[in-house]
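First the structure, in the form of structure tokens, and then the observations on it.
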Amino acid sequence: MSQTTEPTADGVPPHRYTPALAQQIELAWQDRWEAEGTFHTPNPVGPLSEGFDRVADRPKAFVMDMFPYPSGAGLHVGHPLGYLGTDVTSRFLRMDGRNVLHPMGYDAFGLPAEQFAVQTGQHPRVTTEANIAAISAQLRRLGVDHDTRRTFATIDPGYYKWTQWIFRQVFEAWFDPETDRARPITELVTELDAGTRQPAPGTLPEGQSWAELSPVERRRVVDAHRLAYRHSAPVNWCPGLGTVLSNEEVTADGRSERGNFPVFRRPLTQWMMRITAYAERLIDDLDRLDWSDSLKQMQRNWIGRSTGARVRFPVSGETVEVFTTRPDTLFGATYLVLAPEHPLVEALTADVWPDGADPRWTAGAATPAEAVEAYQLQASRRSELERQTEGRDKTGVWLGVTATNPLTQRQLPVFIADYVLTGYGTGAIMAVPGEDTRDWEFAQVLGLPVVRTVQPPADFDGGAYTGTGPMINSSNEQLSLDGLDKATAIATVTEWLVANGCGEATTTYKLRDWLFSRQRYWGEPFPIVYDADDLPVAVPDSMLPVLLPEVDDYSPKTFADDDADSQPEPPLSRATEWTTVTLDLGEGPQEYRRETNTMPNWAGSCWYYLRYTDPTNDQQFVDPELERYWMGPREPGDVGGVDLYVGGVEHAVLHLLYARFWHKVLFDLGHVSSEEPFRRLVNQGYISAYAYTDSRGFPVPAADVVERDGQFLYEGQPVHREYGKMGKSLKNVVTPDEMIAMYGADTFRVYEMSTGPLDQSRPWETKAVVGSARLLARIWRVVVDEETGEVRAGDVEPDDDTSRALHRAIEAVRDGMTTLRFNIAIARITELTNHLTQAFPPGTAVPRSVAESLVLLVAPLAPHLAEELWSRLGHAGSVAWAQFPVAEDRWLVDDTVEVAVQVNGKVRAQVAVPADADAATLEAAARADEKVVAQLEGKTVRRVIAVPGRLVNFVVG
RNA sequence: GGGCAAGUGGCGGAAUGGCAGACGCGCACGGUUCAGGUCCGUGUGUCCGAGAGGACGUGGGGGUUCAAGUCCCCCCUUGCCCA
């Protein structure tokens, strides 16, 4: 924006694109963008609709990142990779004629700020807001095109008011299995009152009907139907953190994801969300999304659908229902196993051991009841994870009774064993030791019979055979599965079970309901109070937000890591002036007790994308018209959603599953028109870095390591090179600030985008950044004379070679931009630049049309440089709103092409032919080439393949 | 153990089944420069050959095809997810 005219002390031309000039240009344009509101995205209606006329005829594009947690450490060069990917995309789409929404916000509730607050006494809001300010300054300096009017943090009361409102919607809804969707809870009450619907199984008190219940009992029944409900069940209690955790927050070895403290299963009353009701839709709708296959697979695995059958076994007057994924092996079932906690255990247990009871089955107890009691106690001390661990010695005791196999009439002894879990399937299994490893191990320990029903290969000498093969030993008078394959056998036996009333096909899921309450301070308070009956009541919308109260002590009560019997005590429970409140909820002023748990960290990120579309609305969580405009389906059957969502793969199951669940609830209740939140999702790669350790194994500062003759040296001493995540502990952090100071933001942007496709991880290499700086300096030199500062663009027509180079570059750059392979876009821009540097040496005029196109091509990648050159080329408006070049077809094809001539697949010659030459012409031209003649001499040509525009291949014998 | 993804020069990486290694880094040589940790140019897969040229070459093995980095099967290695 300003011309440097200082003389040069060091031989550098006065108007060269140096880092100092880049800095100056970048800061000036960032100020101008802000002053002019260049990146303000107009909404069709409402307070942000100013300027919509300008974009009314454009298709919309909603592009966003997973918003960051504002950590105090700031950003290193790995963080902006995704942010720059969406920035280049949004700038490209704006230039290509879209109305682009590219916002950014902060996911600001969470543990680190709270833990810092506990240590320092500083309110978490203070540190969090300081961190937000620091990160936004870093983002601004990168030159990203966020509409900052739409920026918010999840801790803003104006935002979490609506997080609470959505919780209320979930609380005030139930899932109707008949229509497979959520409905308002009031409709359930109406149907129950009218007798047109029965309460869900297990929700009524034993032996009573809805009509007989008292009002309080009825409320308990209704509460048990809600999508957000309180439930006493074994949950993950983490004494070290003083809070409960969701399954998703517990690692495979039974510790907390944050802090790595031991986690115990304990029955506690907690808020749950009924995500399991949506398991089927969450799996099925993956097929309608533009996500990577691996990511979809992770979600499928997490939800864990397995299809199989429920089979009913009569046992001494009762019926035990088992779930199996292998009903085809029913002929091989030789015993049953119930989870030790199975509700029928007590009723089934025999009074005395039958005569001749196997001592291995009785655990030496005098009676079955004694054995069962001892075993149940032992099992309760084991974690669920421990119980599932393979290879552990199998244990169990007999109940003293037998069940009848409906196919064979064989009597099957019934056991309890801790390898069967209550939470999965029906909590009972039919054991098929011939085809199941765990059943085999159990059968070996207890001396139980094995019947093989799948033919193993001849050389199979193992125990359980879990592979495929034809069915054997599987027939009775009515039914034979022998010889069938697995799928046919499953279908056949399931049909028989249904016909004989012994079972039916069914589907189960591994997914559990979402544990939604935490005993923490720094989270959204629940919009819930408890009345005199100790039942939950939602705080009405008019009283939202329920503000987080000020407290003296932010810490939950924590306990010794291994104190499994400790009780949760949330920090808010100590804010006694806040916890008790008098409200008039329609029955006159009454005293209520507030919920003192807070929502989990994931709540705020479940719907933030919706708020970007209407960030200032204080009447609704989002204006339906704005949701339809930015998120709505494009055609009937389309799921809608954000057009491009970029973020780390670490959120593959947690955030992405929770957000999809909330979105579907909001869809069912009619609050949004889109069925899914994120239409297209891309996981950006990671940037890792080399780290160096000295002879003692300690990391040394990576920046000070030098390479000499393939050896790495630090202060003259050889060091060992390792490769890992960028971080303080490895002393290998590089920050964007350092890179910007060294080269400017544009160079940093181009370098990050040039090292590979967006979804690929790559190592950071500071010394390679200079390549991007050189490219931008060459582009500058094409437009600006380094010596005089004059613009080199002149009114000359480009020659044909230049036109072809330009239009090929345009075509390839567009392709790279739309497929997020910015590296190939940059490679083609480099080729074009190199061509122009050669074709138009300093002192000659560069065709204006070509120079301008080059600037437009690079504008999404290096926006400040492009703005400066665009303005020097005489344009008043921002290049961000200029039209992105469109390739002309006539320049994409050559008049003549070089075609490879192969003999038996090996390239032997090149011939030039007209681009539109047909196969015959190609062959004739190839045969006329002297090298080809020499190759074919004395040989029989058996076949000729000529592909127009590609090659000719002679197959000779 | 199961599932998914990926293995291409010294490095990051290109390549609708059709001339492997685009583009960049690094390196070598040359030029500019008082100087170079500047800039510009040329070269750079491996082996043989002075050269022209030739042979080999995309983790390993097999297959499909006129033609395979690309498609299929088996194996090895690495990464991620789930156990």
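So you know, we letter chains A, B, ... as the sequences are listed, proteins then strands, and number each from 1. This one's a predicted model, so the numbers in the text were calculated from it and none came from an experiment.
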Using the P atoms only, state how far B:G18 lies from B:G53, rounded to an integer number of Å.
-> 27 Å

What nucleic acid atoms does A:D293 come within less than 4.0 Å of, heavy atoms only: base, sugar-phosphate, or nothing?
-> nothing

Kindly confirm or rule out a cation-pi arrangement of A:R660 over A:W291, judged by NZ or CZ under 6.0 Å from the six-membered ring centre and within 45° of its axis?
-> yes

Sugar-phosphate only, base, or nothing, as touched by A:K906 at under 4.0 Å among non-hydrogen atoms | sugar-phosphate

Quick one: is A:R774 getting a side-chain N or O under 4.0 Å of the B:G26 phosphate, OP1 or OP2?
-> yes

Has A:D293 got more than 12 heavy atoms of other residues, nucleotides or ligands less than 6.0 Å from its CG?
-> no

Determine the interatomic distance between C1' on B:U58 and the same-named atom on B:A22; round to the nearest Å.
-> 15 Å

Before accepting this row, confirm whether a basic side-chain N of the pair A:D284/A:R305 lies closer than 4.0 Å to the acidic partner's carboxylate O.
-> yes

Applying the 3.5 Å cut-off to both distances, the Watson-Crick or G-U partner of B:C29 turns out to be B:G41

Return no unless some side-chain N or O of A:N823 is found under 4.0 Å from OP1 or OP2 of B:A14.
-> yes

For nucleotides B:G59 and B:A55, find the distance between their C1' atoms and express it as a whole number of Å.
-> 22 Å

Rounding to a whole Å, what distance do you find between A:K767:NZ and B:G10:P?
-> 15 Å

Which of B:G18, B:C23, B:C66 is nearest the side chain of A:R943? It is B:C66

Does any nucleotide pair with B:A52 by Watson-Crick or G-U wobble geometry, both distances under 3.5 Å, and what is it?
-> none

Nearest-Å distance once atom C1' is located in both B:U77 and B:C25 = 27 Å

Using whole Å, report how far CZ of A:R821 lies from P of B:G24.
-> 18 Å

Please tell me which of A:S772 and A:A900 maps to the more 5' nucleotide of RNA chain B, matching each residue to the nucleotide holding its nearest heavy atom.
-> A:A900

Residue matched to B:C34 through Watson-Crick or wobble contacts both under 3.5 angstrom | none

Does B:A83 have a Watson-Crick or wobble mate here (both distances under 3.5 Å), and if so which one?
-> none

Check the chi torsion on B:G61 and let me know: syn if it falls within 90° of 0, anti if not.
-> anti

What's the closest nucleotide to the A:E898 side chain, out of B:C82, B:C19, B:C25?
-> B:C19

A:T837 side chain to A:N834 side chain, donor-acceptor N/O pair below 3.5 angstrom = no

Please give, in whole Å, the distance from B:C19 P to A:Q910 CD?
-> 10 Å

Could you measure between the two C1' atoms, the one in B:G37 and the one in B:G49, and give it in whole Å?
-> 39 Å

Would you mind classifying the nucleic acid contact of A:Q760 as base, sugar-phosphate or nothing, using non-hydrogen atoms under 4.0 angstrom?
-> sugar-phosphate

Identify whether any heavy atom of A:Q838 sits under 4.0 Å from a base atom; if not, whether one sits that close to sugar-phosphate; answer base, sugar-phosphate or nothing.
-> sugar-phosphate

Options B:C19, B:U38, B:C25, nucleotide nearest the side-chain atoms of A:Q902 | B:C19

Indicate the ring-plane relationship of A:F678 and A:Y645, choosing parallel, tilted or perpendicular according to the 30° and 60° boundaries.
-> parallel

To the side chain of A:R950, which of B:U16, B:C19, B:G12 is closest?
-> B:U16

Select one nucleotide: of B:C40, B:G18, B:G12, the one nearest the side-chain heavy atoms of A:P763.
-> B:G12

Can a donor-acceptor pair under 3.5 Å be found between the side-chain atoms of A:N301 and the base atoms of B:C82?
-> no

Give one of base, sugar-phosphate or nothing for A:N953, where a contact means two heavy atoms less than 4.0 Å apart.
-> base

Can you check the A:I824 CD1 to B:A22 C1' distance for me, whole Å?
-> 10 Å

Looking at B:A55, B:C4, B:C23, which one has an atom nearest to any side-chain atom of A:Q297?
-> B:C4

A:F442 ring center near A:Y419 ring center (under 6.0 Å) = yes

Measure the distance from CD on A:E752 to P on B:C23 and round it to the nearest whole Å.
-> 23 Å

So what does A:S761 hit on the nucleic acid, given a heavy-atom distance under 4.0 Å: a base, only sugar-phosphate, or nothing?
-> sugar-phosphate

Hunt down the Watson-Crick or G-U wobble partner of B:C11, both distances under 3.5 Å, from any strand shown, or write none.
-> B:G24

Name the closest nucleotide to the A:N834 side chain, picking from B:A15, B:A55, B:C23.
-> B:C23

Interatomic distance at C1', B:G13 relative to B:A6, whole Å | 14 Å

Enclosure of A:E930 CD (heavy-atom neighbours >12, cutoff 6.0 Å) | no

Round to the nearest Å and state the distance from A:L81 atom CG to B:G13 atom P.
-> 12 Å

Side-chain donor-acceptor contact under 3.5 Å, A:T819 with A:R821 = yes

For A:R828, which contact category applies under a 4.0 Å heavy-atom criterion: base, sugar-phosphate, or nothing?
-> base

Base, sugar-phosphate, or nothing for A:V955, non-hydrogen atoms under 4.0 angstrom?
-> sugar-phosphate

For atom P, what is the distance between B:U46 and B:U38, given to the nearest Å?
-> 25 Å

Give a yes-or-no answer on whether the side chains of A:T788 and A:H15 include a donor-acceptor pair shorter than 3.5 Å.
-> no

Name the closest nucleotide to the A:P757 side chain, picking from B:G13, B:G18, B:C66.
-> B:G13

Rounded to whole angstroms, how far apart are CE on A:M298 and P on B:G2?
-> 19 Å

Distance, rounded to the nearest Å, where A:I303 contributes CD1 and B:C81 contributes P = 18 Å

Would you indicate what A:A827 reaches in the nucleic acid, counting non-hydrogen atoms under 4.0 angstrom: base, sugar-phosphate, or nothing?
-> base

So which one's nearest nucleotide on RNA chain B is more toward 5', A:V649 or A:F954?
-> A:F954

Please determine, by modelled atom types, if A:T276 and A:D513 share a side-chain donor-acceptor pair under 3.5 angstrom.
-> yes

Could you work out which one of B:C39, B:G18, B:C82 sits closest to the side chain of A:R781?
-> B:C39

Base-pairing assignment for B:G18 (Watson-Crick or G-U wobble, both under 3.5 Å) | B:C66

Rounding to the closest angstrom, what is the interatomic distance between B:C72 and B:A68 at atom C1'?
-> 11 Å

From B:C39, B:A14, B:G24, pick the nucleotide closest to the side chain of A:R778?
-> B:G24

